[in-house]
Amino acid sequence: MVDEATRRVVSEIPLLKTLASPRDKELWVQRLKEEYQALIKYVENNKNADNDWFRLESNKEGTRWFGKCWYIHDLLKYEFDVEFDIPVTYPSTAPEIAIPELDGKTAKMYRGGKICLTEHFKPLWARNVPKFGLGHLMALGLGPWLAVEIPDLISKGLVEHKSK
């Protein structure tokens, strides 16, 4: 499922240790700290590899995440809002990433613009609880989804560059 380059990128994202959800109060604070450290490392690695493709921030509690992701196609940057909530059963359940403006434009999406990760990503996530976190979600979930779906949506005329 995962190519060698992706394996290398993912192997450089720190693994998380704390098994905690937002319901776990103090433990959640520790998990959130690990999440931020892993995300920061992943973003730094991406920047160093000239592969910067998203920005994320969260609410104060770390339960709602939002930001931007982008995909470069034919030297044009396509930018999208991205958002997700941390499930009550996190990290046993992976968050469902949404790109609301693409809602209804592809079969690989659920209502509300939630991208489909069930077949490939969710079994991988389940095997790696609690080690996988939001950095892994981006690297193995959203990144590959964008790489497959955005060029297809552009070729079908369903996504146009902002300059048009």
Side-chain angles (χ1 to χ4, degrees), residues 1-2 6 9-10 12-47 51-71 77-150 152-153 158-159:
M1 178 191 132
V2 178
T6 304
V9 167
V10 171
E12 294 172 359
I13 301 171
L15 296 175
L16 288 76
K17 296 175 181 73
T18 306
L19 179 59
S21 76
R23 294 182 292 186
D24 296 315
K25 304 293 181 228
E26 286 86 34
L27 277 177
W28 176 243
V29 173
Q30 177 59 35
R31 174 73 187 204
L32 209 48
K33 185 189 293 185
E34 292 174 21
E35 293 283 5
Y36 274 112
Q37 289 169 338
L39 272 170
I40 289 167
K41 180 67 174 163
Y42 179 46
V43 169
E44 285 174 354
N45 292 347
N46 283 344
K47 286 183 178 183
N51 188 29
D52 191 28
W53 63 274
F54 72 90
R55 289 286 173 275
L56 276 181
E57 59 184 285
S58 76
N59 64 1
K60 192 174 78 117
E61 299 80 22
T63 56
R64 177 134 183 83
W65 292 75
F66 46 91
K68 298 273 185 198
C69 64
W70 51 91
Y71 186 82
K77 182 178 179 180
Y78 295 82
E79 190 171 275
F80 309 96
D81 289 330
V82 62
E83 59 188 46
F84 56 89
D85 293 323
I86 299 295
V88 175
T89 54
Y90 186 82
S92 297
T93 305
E96 294 183 322
I97 301 172
I99 305 174
E101 66 199 271
L102 298 180
D103 189 18
K105 293 188 177 186
T106 172
K108 294 188 180 134
M109 187 168 265
Y110 303 112
R111 183 175 293 143
K114 292 181 179 174
I115 69 172
C116 177
L117 296 174
T118 50
E119 287 199 25
H120 302 290
F121 178 72
K122 289 201 176 175
L124 183 62
W125 179 277
R127 286 192 306 271
N128 287 282
V129 171
K131 298 177 286 197
F132 274 12
L134 302 180
H136 300 89
L137 175 72
M138 300 303 280
L140 295 168
L142 183 59
W145 190 92
L146 290 171
V148 169
E149 291 301 311
I150 298 305
D152 185 54
L153 292 171
L158 296 171
V159 169

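Because the structure is predicted, anything quoted here is derived from the model rather than measured.
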* **Distance-only donor-acceptor check, side chains Ser58 and Tyr36, under 3.5 Å** => yes
Applying salt bridge (Lys or Arg N to Asp or Glu O under 4.0 Å) to Lys33 and not counting sequence neighbours gives none
Tightest non-hydrogen contact, residues Tyr71 and Ile150, listed as CD2-CG2, 3.7 Å
Note: Pro22 and Pro87 closest approach over all heavy atoms is CD-O, 4.1 Å
Lys77 meets the salt bridge (Lys or Arg N to Asp or Glu O under 4.0 Å) criterion, sequence neighbours left out, with Glu79
Contacts of Asp103 meeting salt bridge (Lys or Arg N to Asp or Glu O under 4.0 Å) (sequence neighbours excluded), chain-then-number -> none
Shortest non-hydrogen pair, Ile86 vs Pro95, comes out as CD1-CG, 4.2 Å
| request: Report the C-alpha distance between Trp145 and Ile99 in whole Å, list the side-chain angles of each, state the deciding distance to 0.1 Å, and finish with yes or no for side chain to side chain contact (heavy atoms under 4.5 Å, CB included). | output: CA-CA 11 Å; Trp145 190 92; Ile99 305 174; 3.9 Å; yes
Contacts of Tyr110 meeting ring pair (Phe, Tyr, Trp, His ring centres under 6.0 Å) (sequence neighbours excluded), chain-then-number -> none
Only pairs under 3.5 Å count here: list side-chain donor-acceptor contacts from residues 131-139, not counting sequence neighbours, and write none if there are none.
from   : atom 1 : to     : atom 2 : distance (Å)
His136 : ND1    : Gly133 : N      : 3.0

Across all chains, not counting sequence neighbours, the side-chain contact (heavy atoms from CB on, under 4.5 Å) partners of Val29 are none
Sorted by chain and residue number, the salt bridge (Lys or Arg N to Asp or Glu O under 4.0 Å) partners of Lys108 (sequence neighbours excluded) come out as Glu149
Problem set entry | Worked check of side chain to side chain contact (heavy atoms under 4.5 Å, CB included) between Leu146 and Tyr78 | CA-CA 10 Å; Leu146 290 171; Tyr78 295 82; over 6 Å; no
In short, salt bridge (Lys or Arg N to Asp or Glu O under 4.0 Å) pairs touching residues 13-30 with sequence neighbours left out are none
Residues at least two apart in sequence or cross-chain that pass side-chain contact (heavy atoms from CB on, under 4.5 Å) with Val9, listed by chain then number, are Tyr42
- Task: May I have the step-by-step check of side chain to side chain contact (heavy atoms under 4.5 Å, CB included) for Leu39 and Trp65, ending in yes or no?
- Result: CA-CA 12 Å; Leu39 272 170; Trp65 292 75; 3.7 Å; yes
CG (Leu15) and CD1 (Ile13) are apart, to the nearest 0.5 Å, by 9.0 Å
By side-chain contact (heavy atoms from CB on, under 4.5 Å), Arg111 pairs with (sequence neighbours left out) none
Residue pairs passing the salt bridge (Lys or Arg N to Asp or Glu O under 4.0 Å) test with at least one member in residues 82-96, sequence neighbours excluded, are Arg64-Glu83, Arg64-Asp85, Glu96-Lys114, Glu96-Lys122
- request: Kindly determine whether Phe80 and Leu102 satisfy side chain to side chain contact (heavy atoms under 4.5 Å, CB included), including the steps that lead there.
  value: CA-CA 9 Å; Phe80 309 96; Leu102 298 180; 3.8 Å; yes
So salt bridge (Lys or Arg N to Asp or Glu O under 4.0 Å) across residues 35-44, not counting sequence neighbours, yields Arg31-Glu35
* Asked: So, do Val129 and Pro91 sit near enough that their side-chain heavy atoms are less than 4.5 Å apart?
  -> yes
